[in-house]
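Note sheet for the following structure.
Basis for what follows: all heavy atoms, side chains included, without hydrogens, waters or symmetry-related copies. Owing to the predicted nature of the structure, the values given are computational and were not obtained by experimental measurement. Numbered from 1 within each chain, the chains take letters A, B, ... in sequence-line order.
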There are 4 protein chains.
Amino acid sequence: MSNISHRRWSQSATLHGCMMDGRPANDQSPWMPFESRRRARDEKREAVLRTAVQLFLEQGYHRATLNEVAERLNITKPALYNYFRSKDEILFECWALGQEQVDEFIAVINRSGQNGLGKLRALVRAYAGTMATDFGASLVRFDPRDLKPHNAQTVRDAKRSIDRTFRRYIAEGIADKSIKPCDPKLAAFAIAGSLNWIGHWYQRGGPLTPDAIADEFAVRLTEGLAAPSIKKSVVKAPTATKKK
Amino acid sequence: MSNISHRRWSQSATLHGCMMDGRPANDQSPWMPFESRRRARDEKREAVLRTAVQLFLEQGYHRATLNEVAERLNITKPALYNYFRSKDEILFECWALGQEQVDEFIAVINRSGQNGLGKLRALVRAYAGTMATDFGASLVRFDPRDLKPHNAQTVRDAKRSIDRTFRRYIAEGIADKSIKPCDPKLAAFAIAGSLNWIGHWYQRGGPLTPDAIADEFAVRLTEGLAAPSIKKSVVKAPTATKKK
Amino acid sequence: MSNISHRRWSQSATLHGCMMDGRPANDQSPWMPFESRRRARDEKREAVLRTAVQLFLEQGYHRATLNEVAERLNITKPALYNYFRSKDEILFECWALGQEQVDEFIAVINRSGQNGLGKLRALVRAYAGTMATDFGASLVRFDPRDLKPHNAQTVRDAKRSIDRTFRRYIAEGIADKSIKPCDPKLAAFAIAGSLNWIGHWYQRGGPLTPDAIADEFAVRLTEGLAAPSIKKSVVKAPTATKKK
Amino acid sequence: MSNISHRRWSQSATLHGCMMDGRPANDQSPWMPFESRRRARDEKREAVLRTAVQLFLEQGYHRATLNEVAERLNITKPALYNYFRSKDEILFECWALGQEQVDEFIAVINRSGQNGLGKLRALVRAYAGTMATDFGASLVRFDPRDLKPHNAQTVRDAKRSIDRTFRRYIAEGIADKSIKPCDPKLAAFAIAGSLNWIGHWYQRGGPLTPDAIADEFAVRLTEGLAAPSIKKSVVKAPTATKKK
DNA sequence: GATGAATGAGTCTTCATTCAT
DNA sequence: GATGAATGAAGACTCATTCAT
């Protein structure tokens with residue numbers, strides 16, 4: 001039954017790491033075909049995920065069938081099992097790709113030397129942009145309860161981590177006086193809520209561009225928090241958002 | 001197998017009352033038994049909905065089975081079909097009870113003579129409170145695509161109507177100068193997003209009371225919008241919400 | 001479980017017998033109310049059967065639900081169980097009313113002093129007329145396999161008996177030279193088939209009256225069999241059939 | 001639980017042949033395996049239909065369960081859904097196979113240059129033979145109301161078409177004087193009724209062979225109609241019917 | 001690596017029937 | 001005698017998953 005070693009999600013970048021692995025490809029090693037085969041495999045994996053995330057968002061995880069995923073890829077259902085062990089693993093990997101984006105821009109913001117308000121605005125901006133992507137939306141539209149317990153826990157941990165980041169930036173801002181005193185917890189909820197909601201209503205091709213939304217939200221969601229003196233300073237978000 | 005002998009409707013204290021006045025009914029009104037039967041029926045319907053909404057929120061609509069709904073009510077699955085025609089009808093009725101709350105307080109707010117900002121704050125407050133209830137949360141946690149087309153349309157219409165209300169209050173506020181000029185559409189999205197998100201994270205029994213959340217959000221979500229002069233005025237929400 | 005004595009169908013006329021029982025009603029006995037109650041009961045029983053046979057013919061036994069039978073009678077489903085013990089018993093009683101008609105006219109024809117061809121024609125005529133009634137059609141449109149084994153046997157016996165009657169008349173006709181020599185078995189099948197088919201296609205309110213059909217079939221189905229000399233003699237069927 | 005290990009399609013002698021030439025396929029045509037797969041599939045579909053039609057005739061459509069169909073084929077119920085979309089589709093396909101036989105021999109008769117009586121007799125003969133087959137009997141033993149509206153309509157149209165064919169041949173016969181003047185409509189009903197009834201009483205393995213029935217009916221059902229001069233001409237039915 | 005075929009688990013739903021009132 | 005409520009038995013259908021080829 002379980003003769004396949006359990007691939008585990010290690011909080012960052014399996015798939016992304018893979019793509020960087022292209023590196024050894026530049027030499028003429030005899031296992032080049034091996035390499036290229038692996039790359040082909042990864043590309044197919046990704047194609048599955050792109051198709052799946054779309055379908056899952058369109059119809060909802062439970063109404064979407066693997067049959068339709070396969071059909072859209074012009075393959076057959078069992079072929080999917082060459083790349084993924086189960087439907088919920090596909091779901092999880094979709095989520096993981098979204099989470100990767102978040103991890104990346106949070107890392108960038110963390111390294112930026114801004115004050116609390118600056119970081120918060122940068123976060124809002126980047127997060128809003130991510131919510132307007134398929135994989136980003138999957139962060140908030142998919143239900144962890146559809147995952148196996150282990151993965152579900154991973155998701156919950158990540159969610160909590162994001163929440164803590166919001167609160168931390170706010171707390172930092174309060175400490176450095178760039179943000180008015182307030183309850184970081186509720187403020188974080190309010191801001192995150194607005195942002196997460198984007199994942200539910202944003203429609204590609206609508207009148208609003210992701211950038212416009214991101215800019216507007218970066219201002220709107222923080223202007224109430226900004227301490228009087230720096231209310232007007234708007235910050236450019238790091239353009240870390242990977243879209244691929 | 002048949003360890004369920006006494007059928008009980010665990011959640012119906014009122015129902016129990018009913019059964020007690022089944023006998024004294026002969027002394028008063030001749031259609032008392034009739035009345036009481038109808039009431040009993042309504043109460044059972046409601047008990048089903050209360051149980052169902054809880055289960056649907058707990059486990060998600062698709063993972064929740066009617067069997068478990070029935071079990072929690074100490075009845076059998078087909079008994080549910082005395083009150084509802086299908087699983088999705090139950091879902092719809094849960095939503096409808098939440099929507100009723102919303103319709104009611106919006107009606108009250110509409111009739112209040114406040115300015116735009118006042119109405120908006122009242123709306124935020126009442127809406128936040130509703131989100132902290134089971135039926136309220138069902139407004140945003142249930143997926144209209146699980147409903148029959150007709151009901152799905154009803155839900156979508158209602159959602160649009162709520163959105164328009166947010167925008168209208170904001171526009172009114174801009175017109176009457178109680179709200180700073182801004183894009184009503186995006187502002188409405190931002191506010192509604194924060195509020196809707198409550199339905200996803202709020203846990204009964206947590207450290208935050210619905211009222212605290214409602215108050216905080218009423219201030220927090222609007223202070224950025226408020227025109228300088230009236231920034232400090234906080235409004236009590238109409239307490240119109242509860243229905244029974 | 002089976003504390004109810006099994007009412008058994010004794011090949012003739014429970015219901016019919018009942019109606020003849022009107023007999024004691026002509027006196028002023030003190031148990032008149034008793035009598036009248038029983039008559040009321042019988043009338044309701046019959047009303048159920050009339051409604052049921054229609055519905056069963058309209059929609060087919062399995063698609064027709066007792067609920068709809070009850071609805072058409074403006075009563076509720078369990079009320080039906082005051083008159084019948086099960087759905088298939090209703091089916092059986094419908095069949096029995098049709099069979100009664102057949103038994104009656106066969107008895108009449110048997111007693112008539114006609115020759116074989118005469119009897120055959122009389123039978124065809126009467127049978128065709130019966131097929132154009134609801135209860136008559138139920139003889140051929142209902143499936144004995146829907147009945148309990150005992151009743152199913154009763155039905156099969158009756159069918160066989162009718163078949164034997166056809167064959168007997170034909171054989172008589174051959175013997176008395178009113179019918180050309182032929183295989184009575186196949187001839188009976190052919191004639192009975194044509195007649196039974198009426199139950200499938202005849203629509204009340206169509207252009208053809210039952211009488212017209214009966215007359216035409218009486219001629220058409222037998223003219224091939226008739227020995228030359230008496231080909232033209234047409235016989236009036238006994239008008240014994242109609243019961244109400 | 002899993003006492004079914006070897007899945008066998010009991011009725012598919014041909015299928016077995018197929019599987020044998022699965023191996024030699026490498027020596028000849030490259031798409032042989034493809035072909036053979038398709039053929040295997042068709043044969044299984046047919047095996048399902050053969051089993052289903054038998055069961056439906058034996059027990060009636062509603063009492064027959066897909067489970068039993070599957071069991072008789074030594075497969076499981078959902079496997080049936082590889083070949084058919086629903087139970088009623090299976091019913092329809094059974095009917096369609098019977099109808100195909102009818103369409104074929106009608107086409108042949110239409111092309112024959114016989115006079116009206118000749119065509120009618122040929123039709124009777126061929127139709128009688130078909131009624132003695134399982135798929136033929138399904139033409140009259142299955143209830144179109146069990147089908148989806150679209151298919152039900154198809155069935156009704158086909159029935160009407162057959163009826164028109166009977167009437168047309170009779171009318172032709174009257175016109176060309178091979179048939180005595182009569183009402184084509186009622187005559188068609190009478191003949192078709194006799195024939196259809198075969199589908200209800202004919203038992204394979206009984207004393208009567210289909211051919212004997214067909215021959216007898218071809219004479220019996222038409223001798224009453226034949227105009228005196230040609231009464232004796234008997235026609236061989238087209239042997240076009242059997243399809244495999 | 002891919003496919004057709006098959007499976008098993010599970011859910012909704014229907015309906016005849018019974019029971020308490 | 002009638003009713004509302006409840007039940008249990010059963011069946012169709014779906015779909016993720018597996019297996020042999």
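Atom-to-atom, CG of L91(D) to C1' of dA12(F) comes out at 15 Å; the value is rounded to the nearest Å. Atom CZ of F84(B) is separated from atom P of dT13(E) by 13 Å (rounded to the nearest Å). Atoms OH (Y61(B)) and C1' (dC12(E)) sit 10 Å apart, rounded to a whole Å. N67(D) places its CG atom 14 Å from the C1' atom of dA9(F), with the value rounded to the nearest Å. Across the protein-nucleic acid pair, L66(D) atom CG and dA6(E) atom P stand 15 Å apart, rounded to whole Å. Atom P of nucleotide dG4(F) and atom CD of E43(B) are separated by 18 Å, given to the nearest angstrom. If you measure from atom CG of D42(A) to atom C1' of dG1(E), you get 15 Å, rounded to the nearest angstrom. Between Y81(D) atom OH and dA12(F) atom P the separation is 6 Å, expressed in whole Å.
Legend: ring-ring contact (aromatic ring centres under 6.0 Å, His included) pairs involving residues 59-79 of chain D, not counting sequence neighbours, sorted by first then second residue: H62(C)-H62(D), F56(D)-Y61(D).
Residues meeting the side-chain hydrogen bond (donor to acceptor under 3.5 Å, both in side chains) test with Q59(B), sequence neighbours left out: none. Residues that satisfy the side-chain hydrogen bond (donor to acceptor under 3.5 Å, both in side chains) test with E58(B), not counting sequence neighbours, are R72(B). Take D88(B) and apply the side-chain hydrogen bond (donor to acceptor under 3.5 Å, both in side chains) test, not counting sequence neighbours, and it matches S86(B), K148(B). Annotation: side-chain hydrogen bond (donor to acceptor under 3.5 Å, both in side chains) contacts of N67(A) (sequence neighbours excluded): none.
In this structure, K44(B) does not reach the dG4(F) phosphate: none of its side-chain N or O atoms is under 4.0 Å from OP1 or OP2. Taking only side-chain nitrogens and oxygens, K77(C) never comes nearer than 4.0 Å to OP1 or OP2 of dT18(E). Close to dA2(E), at under 4.0 Å from its OP1 or OP2, lies a side-chain N or O of Y83(A). Residue R41(B) places at least one side-chain N or O closer than 4.0 Å to OP1 or OP2 of dA5(F).
Every stem involving DNA chain E, taken as at least 3 paired positions in a row under the Watson-Crick or G-U wobble test at 3.5 Å, is listed here: E:2-21 with F:2-21.
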Start with the C-alpha gap between K77(A) and E71(A), add the side-chain angles, then the distance that decides, and say whether salt bridge (Lys or Arg N to Asp or Glu O under 4.0 Å) holds.
CA-CA 8 Å; K77(A) 180 165 51 168; E71(A) 256 174 41; over 6 Å; no
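Side-chain proximity of S86(A) to the nucleotides dA5(F), dA5(E), dT17(F) is greatest for dT17(F). When the nucleotides dT3(E), dA12(F), dA16(F) are ranked by their closest atom to the side chain of K87(D), dA12(F) comes out on top. Ranking dC15(F), dA2(F), dT7(E) by closeness to the T65(A) side chain, first place goes to dC15(F). Picking from dA12(F), dT7(E), dT7(F) the nucleotide with the shortest atom distance to the side chain of I75(D) gives dT7(E).
No contact: A70(C) has no heavy atom under 4.0 Å from any strand.
With hydrogens and angles ignored, a donor-acceptor pair closer than 3.5 Å exists between the side chain of N82(B) and the base of dA6(F).
Here the closest heavy-atom approach between residue A152(C) and residue P144(C) is recorded as CB-O, 3.5 Å. Taking both residues in full, the closest heavy atoms of T51(C) and V69(C) are given as CG2-O, 3.9 Å, listed atom of the first, atom of the second, then distance.
Along DNA chain F, the nucleotide nearest to H62(D) and the one nearest to P78(C) differ in position, and the one closer to the 5' end is contacted by P78(C).
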